[in-house]
Amino acid sequence: MHMPRCQSFPAMILKQSSVKNMLATSMSRSAIQKFKITAFELRNLDYVTLRFFESRTSPLDAPLILWLSGGPGCSSTFSLLFEMGPCRITNQGNDTTINPYSWNQNANIIFLDQPVNTGFSYADSGKTVGNTPDAGRDVYAFLQLFLNRYPEYAKAPFHIASESYGGVFAPNFAKIIFEENEKLVLSHSHLKRINLSSIIIANGLTDPYLQMGSVAEYVCEGPYPIFEADGVQCASLRHETIPICQRLIQDCYKFNSKKACAPAHKYCYTHVWGSLFESGRNVYDARQVCDRGKTNGGHGCYEEAAWIDFWMNATANKAALGAKLDKPVVSCNMNIAKEFLKNGDGMHHTALLLPDLVNADVRLLVYAGDADMICNYMGIERWVDSLETKFSSEFRKSQPTPWYTARSGQLAGEVRSAGGQDSGAGSFAFVKVNSYIKTTMFPSPLANLKLPFRFPSLHSQIIASSRTMRLWLFLFVVYVTFCRAAPPTVGVGDSQIVFDTPFSPPVKDDWFQAGLEHIKQDGLIYELVTHPDFVEYQLRVTEPQLCDPSVKQYSGYLDISTDKHLFFWLFESRTAPADAPLILWLNGGPGCSSSFGLLFELGPCTVVDEGNTVVHNPLSWNKNANILFLDQPVNVGYSYSDHGEKVSTTPDSAKDVYAFLQLFFNRYPEYSRVPFHIAAESYGGVYAPNIASVIHQENKKLEHAPKPHSKHIHLESVVLGNGLTDPYTQMGSTADYVCNGPYPILDPDNPECVALRRTKIPICQRLIKACYAFQSRLTCTPAELYCYSQVWGVFEKTGRNMYDARLKCDRAEDKDGPLCYKQTAWVDKWMNDPEHKIALGVSPQRNFTSCNLDVNVEFLVRGDGMYPTYRLLPELVNSGIRLLVYSGNADMMCNYMGEEQWVNNLDTKFKDEFQNTKSLPWILEDDGRIVGEVRSAGGSDSRAGNVTFVTVYEAGHMVPYDQPEAALVRFTISPPAF
């Protein structure tokens with residue numbers, strides 16, 4: 001490495017310490033001095049880094065330029081070494097050479113890595129900046145510190161130059177400088193007035209509405225078309241994708257909020273710009289083909305990007321720059337890009353900030369290369385033309401004028417300008433640059449330099465370079481934002497640095513195929529599904545062929561922005577899947593995987609041979625229905641969190657399930673058209689009513705305010721199997737069941753039965769009554785702790801299987817196990833097979849357990865299971881959503897007596913009819929067996945009952961396991977259920 005070739009002003013690290021608070025008070029000189037001290041003495045805060053180069057010519061008289069790369073999250077070091085800095089990267093990142101055409105030939109220039117965690121910048125606390133206004137306040141604080149320390153530069157004209165996402169940064173930063181300058185006029189502050197002279201925006205994203213609207217015109221009919229004008233891609237862009245994108249951007253412009261802007265940001269980046277990446281062309285230069293899987297196609301189509309990362313991570317170079325030696329550095333930080341994307345930052349109408357600046361005589365130069373697809377010149381010229389400034393009339397009347405290079409006389413492009421004069425720069429200018437001209441990036445726009453802002457005779461003076469124009473048009477940042485590559489890891493060896501760059505080829509990280517987005521994560525390939533109304537969620541989907549290869553399957557993860565990942569597995573119906581209903585199956589716990597229900601109760605295959613294999617289940621519910629198994633909440637089954645995130649209340653998990661359903665239906669609309677049923681077991685008696693209530697409420701919102709991509713979910717019924725739904729009533733029935741029920745485990749006169757009736761149950765019910773009244777953790781947790789230990793705790797002492805009173809239970813690991821079913825361990829073994837994990841889109845390192853006790857405890861200590869969940873059901877039933885409650889008569893935990901009692905008390909419009917009905921025998925048609933009893937109200941011979949309760953004979957807690965044929969007939973075939 002030869003660092004001396006690119007020596008800079010003494011390296012500086014700026015620490016961000018209470019920047020926002022100081023700026024809020026317009027920052028007094030003492031505040032700045034205090035800030036400056038903390039910049040070098042305090043720890044565990046945030047640092048931004050800069051590289052400053054004096055002008056090679058008369059630095060004291062030269063202007064000062066602040067250069068900003070885009071991203072967001074891309075280091076200005078990339079521009080320094082690749083575009084217009086004092087040195088150029090060469091020799092695969094092993095060396096640099098002097099750049100004789102650097103902008104510091106005639107100007108002092110600052111390259112700033114912002115926001116924090118960009119390039120060499122870092123945060124001890126791990127904090128990030130997620131929006132441009134916050135980043136702008138930090139930049140203003142930096143400038144005050146810098147100019148206070150080096151006042152010789154404070155007198156020079158100051159210019160902000162930026163590219164790509166810098167079209168968002170530069171107007172925001174300039175606006176802050178302008179407003180702070182105005183405050184200084186009215187105050188006696190010793191802060192420096194910054195001599196803001198111009199804003200330069202290169203191929204920038206500044207007015208997303210107009211720029212996104214121009215994409216089809218450019219890629220289908222522009223100078224370098226990549227699609228057939230009358231082809232499918234162009235038709236889709238014109239008539240579907242771009243109109244949706246623009247409607248979302250309009251909402252962003254109108255409400256100017258994260259909620260409105262994030263969907264626009266996500267959708268437009270993915271669906272509009274995404275089609276360009278899929279084309280196989282270089283999205284930053286439409287003339288070029290780009291094979292991102294080859295080294296020469298390179299990282300984002302430019303191999304120099306990897307060279308720069310290599311150079312930046314050289315220990316000697318870090319030491320010379322005063323950078324943190326142990327911090328891996330990448331040109332673009334994907335985590336920052338994600339934060340800005342999540343906040344919808346790039347979709348705000350940034351162009352609206354510019355008229356006040358232009359009208360106050362801050363000059364504006366906007367330029368664009370004619371081969372750039374991402375921020376094409378057509379859209380950029382339109383937003384410049386649309387700006388309402390004092391030069392608008394003059395600018396709109398101006399015609400594009402040829403622009404020639406001074407040296408060769410070649411046609412370099414076209415210029416439109418207003419407010420200029422022969423002796424000075426234009427005040428308001430747009431330049432389209434022809435990409436075949438070999439030039440450097442524009443130098444500083446000052447009258448005393450050879451600048452594109454100076455248009456005497458409209459023959460601008462620009463400096464020729466050996467680098468083609470396409471390089472300075474390079475919008476590397478958009479590629480990074482779109483592809484969401486993972487941050488790199490860097491290992492420093494004795495003689496070399498080995499690292500993975502974030503500019504990995506999309507075929508390895510994120511790409512489009514046949515119009516669908518795909519991603520590679522943990523070595524596994526998924527289809528990636530997003531939704532404009534749920535920007536904090538995405539689906540990763542794969543198509544396994546396990547368990548029942550005869551049907552179509554989907555599995556994968558719902559990714560939630562707070563680092564939560566929920567696993568799902570869908571099986572299509574074996575019979576007429578297009579017409580079959582869709583069932584969402586949920587096991588309980590809380591903390592138990594629905595894969596247990598899949599492999600043990602009602603799924604297409606059953607685990608056997610101690611977990612070594614599975615066999616076909618002919619009585620699976622997918623015989624007549626599409627069925628979806630979901631592991632929720634987070635950390636259940638294959639579901640996981642990256643950083644220990646937890647969900648400990650059912651309402652929170654219900655919102656995640658609703659988002660999952662919307663993404664799923666948006667990707668697979670064929671399932672959204674069929675009746676949808678939620679079926680849940682055990683603690684699912686808490687889950688299902690909450691989820692159904694969220695769906696119902698969201699459906700009502702969509703009726704009044706439809707959203708183009710959110711679907712009305714055809715919620716047909718709620719099915720509860722041996723569920724905990726009304727703890728007060730159900731706990732109250734415990735003594736009747738265990739002492740006098742069909743399978744009594746205690747003699748009625750046993751002291752334990754007496755204690756249950758006289759003390760334990762009354763205390764339990766008083767505590768639950770308080771929970772019902774106040775519905776808080778303070779009242780519900782004591783109820784849950786007491787009732788579980790003192791009432792249900794009786795069961796464990798008896799040595800019986802509390803899920804099936806007919807059976808004894810040896811809870812030793814090598815016997816029945818803690819849950820009294822040895823098949824639980826079999827399920828764990830089968831699900832932990834690495835080959836099965838890979839087939840399901842699960843990392844082989846992910847551990848599976850049927851029931852997670854930690855999740856159970858989290859819900860327990862919040863009293864979640866004691867809330868009056870049953871109160872959610874009447875509104876659903878009265879709205880036409882049917883309710884089926886079934887209970888095996890051998891279950892002790894959620895016994896059928898308490899279940900029937902709370903259904904009988906449910907205050908719906910069918911209450912009187914239900915209470916007046918008698919239980920009728922349930923007889924299987926095939927063999928004439930009486931398998932239970934049925935009570936129903938609101939039904940008819942051709943339709944399921946609106947409120948139905950079924951007692952299932954000779955079945956415990958898991959009815960589909962104990963009575964599989966009866967469960968299949970009742971719940972997926974015969975009218976009483978569906």
Side-chain angles (χ1 to χ4, degrees), residues 584-590 592 632 649-651 653-654 657 677-696 715 717-734 736-737 761 764-765 767-769 771-773 775 780 783-784 787-788 791-792 803 856 859-860 862-878 881-889 891-908 910-911 914-915 935 937 945-952 957-959 971 977:
L584 172 65
W585 173 265
L586 301 169
N587 276 82
C592 291
Q632 64 80 46
T649 70
T650 298
S653 65
V657 173
H677 307 265
I678 302 176
E681 179 177 89
S682 190
Y683 203 87
V686 181
Y687 292 153
N690 275 275
I691 294 169
S693 181
V694 170
I695 292 172
H696 179 64
L715 181 59
S717 77
V718 178
V719 182
L720 306 179
N722 288 85
L724 176 66
T725 307
D726 180 354
Y728 181 89
T729 302
Q730 292 179 253
M731 289 291 178
S733 69
T734 301
D736 290 339
Y737 183 84
I761 289 177
C764 168
Q765 287 189 306
L767 292 170
I768 295 174
K769 195 171 183 178
C771 172
Y772 282 13
Q775 297 192 40
C780 294
E784 189 153 351
C787 296
Y788 279 21
V791 179
W792 279 352
Y803 307 108
N856 189 282
F859 276 69
L860 175 67
R862 295 200 175 257
D864 184 79
M866 292 294 107
Y867 285 80
T869 308
Y870 72 94
R871 292 180 184 173
L872 299 173
L873 294 170
E875 181 180 352
L876 303 176
V877 171
N878 293 338
I881 297 167
R882 287 170 290 152
L883 174 66
L884 167 65
V885 180
Y886 67 87
S887 184
N889 72 344
D891 181 26
M892 288 193 282
M893 293 288 289
C894 298
N895 69 73
Y896 77 95
M897 296 177 177
E899 298 273 7
E900 185 172 11
Q901 188 176 342
W902 76 254
V903 175
N904 190 68
N905 295 337
L906 201 62
D907 192 12
T908 73
F910 303 103
K911 181 179 179 178
F914 187 86
Q915 289 180 342
R935 290 179 67 191
N946 291 82
V947 178
T948 302
F949 176 75
V950 180
T951 303
V952 186
H957 197 66
M958 278 77 79
V959 170
F971 310 132

Item to check | Among Y867, Y788, Y870, Y772, the one residue meeting side chain to side chain contact (heavy atoms under 4.5 Å, CB included) with P727 | outcome: Y772
Checklist entry - Do N722 and M893 come close enough that some side-chain heavy atom pair is under 4.5 Å? => result no
Checklist entry - So, for V694 and A654, which heavy atoms are closest and what is the spacing to 0.1 Å? => result CG2-CB, 3.8 Å
Next on the checklist: Using side-chain heavy atoms (C-beta onward) and a distance below 4.5 Å, is Y728 in contact with W902?
Outcome noted: no
Next on the checklist: Quick one, T650 and F859 - any side-chain contact, counting heavy atoms below 4.5 Å?
Outcome noted: yes
Checklist entry - Is it true that a side-chain atom of E681 and a backbone atom of N587 form a donor plus acceptor pair closer than 3.5 Å? => result no
Item to check | From CA spacing to verdict: side chain to side chain contact (heavy atoms under 4.5 Å, CB included), T908, L873 | outcome: CA-CA 8 Å; T908 73; L873 294 170; over 6 Å; no
Checklist entry - Nearest 0.5 Å, what's the CG-CE distance between L724 and M866? => result 5.5 Å
Next on the checklist: Once ring-ring contact (aromatic ring centres under 6.0 Å, His included) is applied, do any residues pair with Y683, and if so which ones, sequence neighbours excluded?
Outcome noted: Y687
Checklist entry - Short question: side chain of Q915, backbone of N904 - any donor-acceptor pair under 3.5 Å? => result yes
Item to check | Residue pair D864 / P590, side-chain heavy-atom distance below 4.5 Å | outcome: no
Checklist entry - Does any non-hydrogen side-chain atom of D726 lie less than 4.5 Å from one of N905? => result no
Checklist outcome for this item: What one should report as the nearest heavy-atom pair of V959 and G888 is CG2-N, 3.6 Å
Item to check | Atom pair CE/OH of M892 and Y737 - distance to nearest 0.5 Å | outcome: 7.5 Å
Checklist entry - Where do I881 and V718 land on the side chain to side chain contact (heavy atoms under 4.5 Å, CB included) test, with the steps shown first? => result CA-CA 7 Å; I881 297 167; V718 178; 4.2 Å; yes
Item to check | Side-chain heavy-atom pair H957, S682 within 4.5 angstrom cut-off | outcome: yes
Next on the checklist: Using 0.5 Å steps for rounding, measure from the CG atom of N946 to the CG atom of L883.
Outcome noted: 9.5 Å
Checklist entry - Can any side-chain N or O of S717 pair as donor or acceptor with the backbone N or O of H677 at less than 3.5 Å? => result no
Item to check | N895 and S733: side chain donor to acceptor below 3.5 Å | outcome: yes
Item to check | Interatomic distance, H696 atom NE2 to L715 atom CG [nearest 0.5 angstrom] | outcome: 9.0 Å
Checklist entry - Does the E784 side chain pair with the main chain of R862, one donor and one acceptor, at a distance under 3.5 Å? => result no
Item to check | E899 side-chain N/O to Y886 backbone N/O, donor-acceptor pair under 3.5 Å | outcome: no
Checklist outcome for this item: Here the pair of heavy atoms bringing C592 nearest to G589 is SG-CA, 3.8 Å
Checklist entry - What is the minimum heavy-atom distance between C894 and S887, and which atoms define it? => result O-OG, 3.6 Å
Next on the checklist: Rounded to the nearest 0.5 Å, what separates atom CD in Q765 from atom OG1 in T729?
Outcome noted: 7.5 Å
Item to check | Residue pair I761 / G732: nearest heavy atoms and the distance that separates them | outcome: CG2-CA, 3.8 Å
Item to check | Pairwise side-chain contact, Q730 with T725, heavy-atom cut-off 4.5 Å (strictly under) | outcome: yes
Item to check | Taking every non-hydrogen atom, the tightest pair across I768 and A783 | outcome: N-CB, 3.8 Å
Item to check | Side-chain heavy atoms of P689 within contact of I678, under 4.5 Å | outcome: no
